[in-house]
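A short write-up of the structure that comes next.
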Protein chains: 4
Amino acid sequence: MSEPKQPVGRPRDSQIDHAIASATRALLVERGYAKLTVDAVASRAGIGKAAIYRRFATKQEMIFAATVHDMEEQPPPDSGSLRGDLAAICDIIAEQLSTAPPDVLHGLLADIHGDQALGARFSGSFIERERFVIDTVLSRAVERGELAAKPDTAIVHALLLGPIFYWILILIGDHGALPDLSRTVAGMVADTLTASV
Amino acid sequence: MSEPKQPVGRPRDSQIDHAIASATRALLVERGYAKLTVDAVASRAGIGKAAIYRRFATKQEMIFAATVHDMEEQPPPDSGSLRGDLAAICDIIAEQLSTAPPDVLHGLLADIHGDQALGARFSGSFIERERFVIDTVLSRAVERGELAAKPDTAIVHALLLGPIFYWILILIGDHGALPDLSRTVAGMVADTLTASV
Amino acid sequence: MSEPKQPVGRPRDSQIDHAIASATRALLVERGYAKLTVDAVASRAGIGKAAIYRRFATKQEMIFAATVHDMEEQPPPDSGSLRGDLAAICDIIAEQLSTAPPDVLHGLLADIHGDQALGARFSGSFIERERFVIDTVLSRAVERGELAAKPDTAIVHALLLGPIFYWILILIGDHGALPDLSRTVAGMVADTLTASV
Amino acid sequence: MSEPKQPVGRPRDSQIDHAIASATRALLVERGYAKLTVDAVASRAGIGKAAIYRRFATKQEMIFAATVHDMEEQPPPDSGSLRGDLAAICDIIAEQLSTAPPDVLHGLLADIHGDQALGARFSGSFIERERFVIDTVLSRAVERGELAAKPDTAIVHALLLGPIFYWILILIGDHGALPDLSRTVAGMVADTLTASV
DNA sequence: ACTTAAACGAGACGGTACGTCCCGTCTTTGC
DNA sequence: GCAAAGACGGGACGTACCGTCTCGTTTAAGT
């Protein structure tokens, strides 16, 4: 009846999972996305290539796991006001996007949307996580009476994070301007939502 | 003294330029960005690889030329109101982004930002064009008295187009919802700008 | 002082020895020497790879044990005449070589002579056995008065078995012609030896 | 009607054919058959691996071409007597086999007989060449009246070269004894053939 | 019965080579 | 004197196999 799936044979070495992720991240920073090779990751991690391909079907999945998948979950902010919550969400995203080398972001997104399976996993992890955070914040605003009705989460999602992504990914704008942009976006979206009550 | 570059020898065949661009676009649609090879483009176009590399330094430049570069210039809209102009800008962008396969957009962006020269060309063509369009629209709004002062064009750029790009590139959202999103974004930005007077 | 190596712990399972040898032979026939893998042998035998490497240092030793080593010893023939004895020796060898797939013989020989230890074992088992058989037959011929002096065993060995091996291993000749070849070789060598008296 | 197959495109560089063969032979001598890698051959030859795999489907075909296929043709000896001709044939073969590293011979033979296509090519080159040489020598002996009828070439082939191959490949006998063995074999076969008149 | 120590099936591990693919360049022949 | 055809050096990919190494379990011999 139960399916505890007690595994036979030698179990996977979880240290190797970490070693792969670490080596991948280090090499992404050192050499950039385009120059990253699986052999280099294996060599840096002190393991064999087979150990990588036993875990990931392709190089892209490995990178995905080492970056997007391993991002720690962020609990929804709770500042007491919708505007404050939205600003916090923007700040966190801006912070996360700023720390990654810019070509990694593009390479990663290109790979994600060039592979059916990865696209689904991306939606299921990062996108879904953001959706949940925004949804929670909006629900609290409704409870507080700031909003009369909960608006479409997906639309708010795009309105809120779109400008941040665009600034970093497309305009390659000054990162120093990001806090200002965050506040502007958050305020604009908050005003729009409360006004439509 | 003059440099009209009077060409010696057989001139380049302009039909080949078109054949390359056509073959590239066709293969991008058929196979996707990741599976596009220069050999395949040459074969499909019925030409030799040398003819491609005589025109473009890299595969990325070829794709760039066949996609971004060939986008026709759009004059700034002039609907009479800021809100209408912004909505028109959003609609045009949404339309252009919708026609391309999504993985091509990501691949292209990744290549653009992975190559110094292409990045500059992209800024000089697409980005600069949008900047000019938005700047013109904002200036007209100031003349009309809709705005007290012309706000930072780059910020408006991000606020306006960010959500559209995010919807299409990151969320892979329903294209049917794009007109609504365009109107929402344009209204929101217009309200924010006029309110801050 | 004594070294009976009284074993502690679980004793080796002799059924596994047979399972390995059987699986090895079966896979050699089914897939050929080049395609034989240790994993396949283990899988076919229903055992783990460790059980194989506990018994044999290398894949080559395993194959060697499953083929050469298991050949039963043949007592020297005693037909009453040198010619008859030599023909019997040829027939037995031809019979043994015919049963094995030809690529196995070559693979085995290559491995044997590519590995010091295996080469010595091969010399000590197969070669030495043949040498002894031929030596015995020649000695009996001397006793019988068929030969005046015992000729160099190694030379006779080569003269006698060389053509058989060559026919099977190099020419990949018709096996139906082997009895004829055996008789021809035996007669020729016998004549040569007796003529040189 | 004609099929001169006038090739389009850049022709193969015949220097590369030689470079591959030379590098292969050099590395076979330096490292032995088992340690030969395609990458090492490419590196030594100063070429890319693709240039090798454009010419040969597998590593084995490459080695085959560099060794067996490139052996210069030897015209049939014509010493004036059957015995002399046979001895010459034996001497040439013994000489050729002696110069090659022993593990190369075994590895080569194993590969040849482990691959259908290579086996056929081997028969068509080396084996056929020897067959022709022996056939010519036997025909001349018939013309000279040394032989009443031409015996089966394949049988003579095996009788003549078998002992030489066996001595070198199986017995790993002393190479110093080869001239003696050659003479013994040639005399024995010549006697047998002439006696059966 | 209980301990002990090795053997066992399963399969992960480091390493090495394979054969494939593609990029951007170079070299022919033909129009 | 350019164009197609395609060979070239280089380099990464993903696969396969070897011989080793854990795991948790089983089996006998010695207590």
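Given the structure is predicted, the values throughout are model-derived calculations rather than measurements. To find a chain, count down the sequence lines: A is the first, B the second, and so on, and within it residues start at 1.
- Scanning atom types as modelled, one donor and one acceptor separated by under 3.5 angstrom connect the side chain of B:K49 and the base of E:dG24.
- The OH-C1' distance, from C:Y53 to F:dC17, rounds to 9 Å in whole Å.
- Contact check of residues 35-44 of chain C against DNA chain F (heavy atom, cut-off under 4.0 Å) returns C:L36, C:T37, C:V38, C:D39.
- The line from CG of B:D103 to CZ of B:R31 is 13.5 Å long, rounded to the nearest 0.5 Å.
- Using cut-offs of 30° and 60° on the angle between ring planes, the pair B:H113 and A:H106 is parallel.
- The residue A:K59 sits close only to the backbone: its heavy atoms come under 4.0 Å of sugar-phosphate atoms, none of a base.
- Looking at C:R10, its side chain has no donor and acceptor atom pair within 3.5 Å of the base of E:dA6.
- Atom P of nucleotide F:dG9 and atom CD1 of D:I47 are separated by 6 Å, given to the nearest angstrom.
- Residue C:R55 places at least one side-chain N or O closer than 4.0 Å to OP1 or OP2 of E:dC8.
- A residue-by-residue look at A:T58 and D:S14 shows that D:S14 has its nearest nucleotide of DNA chain F further toward the 5' end.
- Across the interface with DNA chain F, nearest-nucleotide mapping of D:A45 and B:G48 shows B:G48 to be the residue nearer the 5′ end.
- When A:V104, A:T24, A:T58 are each tested for a side chain to side chain contact (heavy atoms under 4.5 Å, CB included) with A:I63, only one passes: A:T24.
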